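Just so it is clear: chains get the letters A, B, ... in the order the sequence lines come, proteins before strands, and each one is counted from 1. Computed from a prediction, not measured in an experiment: that's the story for all the values here.
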Number of protein chains: 2
Amino acid sequence: MSPVNSPLAKKLNSFAPLSPDELTCLADLQARRRTVAAMTEIVHEGQTDHRAWILQEGWANCYKLVPNGGRQIIGFPLPGDFMGLRSILLRTSDHSFASLTDAVVTEVPKHRIDEIFQAFPRLATSILWAMSRDEAMVVEHLVSLGRRTAIEGLAHLFLELGQRLSLVDLVSGSGFACPLNQYVLADALGLSAVHVNRVLRQLRERGLVSVKAHQVIIHDLDGLRELAGYDSTYLNGDRPAR
Amino acid sequence: MSPVNSPLAKKLNSFAPLSPDELTCLADLQARRRTVAAMTEIVHEGQTDHRAWILQEGWANCYKLVPNGGRQIIGFPLPGDFMGLRSILLRTSDHSFASLTDAVVTEVPKHRIDEIFQAFPRLATSILWAMSRDEAMVVEHLVSLGRRTAIEGLAHLFLELGQRLSLVDLVSGSGFACPLNQYVLADALGLSAVHVNRVLRQLRERGLVSVKAHQVIIHDLDGLRELAGYDSTYLNGDRPAR
DNA sequence: CGCTGGTTTGAAGGTCGTCAAGAAGGGTGG
DNA sequence: CCACCCTTCTTGACGACCTTCAAACCAGCG
């Protein structure tokens, strides 16, 4: 994959078209790729080193552990997403990031971000857009946990993942590869793995979604949207959904 | 109240001591006060006008409505908090803000923020700290909804409110004024009002907290922290709690 | 072929929601 | 000052959603 066609470039391009200069700047930013094994921690909660990461390939998650042994997953960084960007611009990270699969990442030291904000203000705006989109996802996740049933929350999650993956060309037809097992889904949705299993069966039996062999297939997009009460605008920078 | 001693100044001062220049800058920023009746919307979801608000007196909430008639409260802005700051720095607000009580607010047009970032970089850093603290609160709220029981979530909420109010001198002894009724608490914690009532009784009977006449009194701070699994560092900019 | 991680299913029980109705406060008008 | 209202709080009964415990099943892999 040429870094000029990096997932980050694809994603930012969907917000505002990038100039050739900006594309090469992004390519430079992501030149030094590093591979990471599955299940390794990339940013630790409370870490204050002034660098962020860009996920190039693979899936990750960010989470908090609670005293009684439970875990709450905050979100799933996908290719093209920043990890720990807040700890660079703002202060320390308040949660941990870890890879879920084997992954490829690039390190972003603080001064590189500063340079971009100096030299490429339009690109900086796009990065801020990506940050605010990430926060909107956390808020929407909060709504899922508080005011949606298990089946609605799962439906919402699959729709969000599909839309985000399509931005970086990781959707083929009506399906996408998805390495999340039922334990991980449970920790994301505040449920038990057993109940996730039962709800997945319901989604399958209703002909909405099926998950098999790490592949999510959406059989009835409209029905799923209806069920989840899905409003896609929070991912699009408030322009109409495609 | 002299604006030099504004709640915002108190709060930011707890992060990094402010210089006289910075204090007067903050005072100018908050000169034009405006009163707002209880239950009026201040920022509407999707609004893109480039201005933010600072809450001076009273309580507010921010929330999202879901299609089936439910409501999820994202957070409670308190005196000294910004509202809609993201819609100024980033893009549009993805949720609504409304006053809960009669309130006093000041409007902050975008150019004032830009000026501060130009002329007072240290103050700008403090404002970014406040922003990141707000996000950490949303994440902690997410954990409450996903991986804490009703009683743990309520305990956590009271502890957080107490700590935030103490930063702006709104705590007296072991209690603080709190206008949140059981319906509002329910919409914040993803519960029904009936169940909030039952849980409040448990907290009272265990001798931990009591709520009466819009006054929250914490009887057993350590016990409450123990119950909630409360870690206060997310509010302190990662310096040890006082 | 046995191990391991993940999925599936059943049974029992706890947390929490819904429905319903009564009690307690606080404000208003007679 | 009292009657009446409204909002908020409180409590009970019942049921739904979800968890926990336990066990069986399945697929990939050394």
* **Pair B/Glu45 + B/Lys64, salt bridge at N-O below 4.0 Å** => yes
* Asked: Could you give the CG-to-P distance, from A/Leu180 to C/dG5, as a whole number of Å?
  -> 19 Å
* According to a strict under-4.0 Å criterion, is A/Asn181 in side-chain N/O contact with OP1 or OP2 of C/dG6? -> yes
* Asked: Rounded to the nearest Å, what distance is computed from the CZ atom of residue B/Arg148 to the C1' atom of nucleotide C/dC16?
  -> 18 Å
* Could you check how far OH of B/Tyr183 sits from P of D/dC6, rounded to whole Å? => 15 Å
* Value in whole Å for how far the C1' atom of C/dG27 lies from NE2 of B/His214 -> 14 Å
* Asked: Of B/Arg204 and A/Ala150, whose nearest nucleotide on DNA chain D comes first from the 5' end?
  -> B/Arg204
* **Any B/Arg201 side-chain nitrogen or oxygen under 4.0 Å from OP1 or OP2 of D/dT11** => yes
* Nucleotide D/dA22, atom P - distance to CG of A/Asn197 in whole Å -> 19 Å
* Asked: At under 4.0 Å between heavy atoms, what does B/Gly70 touch on the DNA or RNA strands: base, sugar-phosphate, or nothing?
  -> nothing
* Asked: Could you give the CG-to-P distance, from A/Leu191 to D/dA16, as a whole number of Å?
  -> 19 Å
* Asked: Can you find an N or O donor on one side and an acceptor on the other, under 3.5 Å apart, linking the side chain of B/Arg198 with the base of C/dT18?
  -> yes
* Does C/dG5 have OP1 or OP2 sitting under 4.0 Å from an N or O in the side chain of A/Gln182? -> no
* With A/Glu107, the side chain to side chain donor-acceptor pair (under 3.5 Å) member among A/Arg51, A/Arg32, A/Gln30, A/Arg33 -> A/Arg51
* Asked: Taking CG from A/Leu154 and P from D/dC18, how many angstroms apart are they, rounded to a whole number?
  -> 10 Å
* For A/Arg225 and A/Asp231, what are the C-alpha separation, side-chain angles and deciding distance, and is it a salt bridge (Lys or Arg N to Asp or Glu O under 4.0 Å)? -> CA-CA 8 Å; A/Arg225 284 201 175 120; A/Asp231 173 8; over 6 Å; no
* To do: Would you kindly give the NE2-to-C1' distance between B/His195 and D/dA13, to the nearest whole Å?
  => 16 Å
* Asked: Are the charged groups of B/Arg86 and B/Asp94 less than 4.0 angstrom apart, N to O?
  -> yes
* **Sole residue of B/Leu142, B/Val138, B/Val139 in side chain to side chain contact (heavy atoms under 4.5 Å, CB included) with A/His141** => B/Leu142
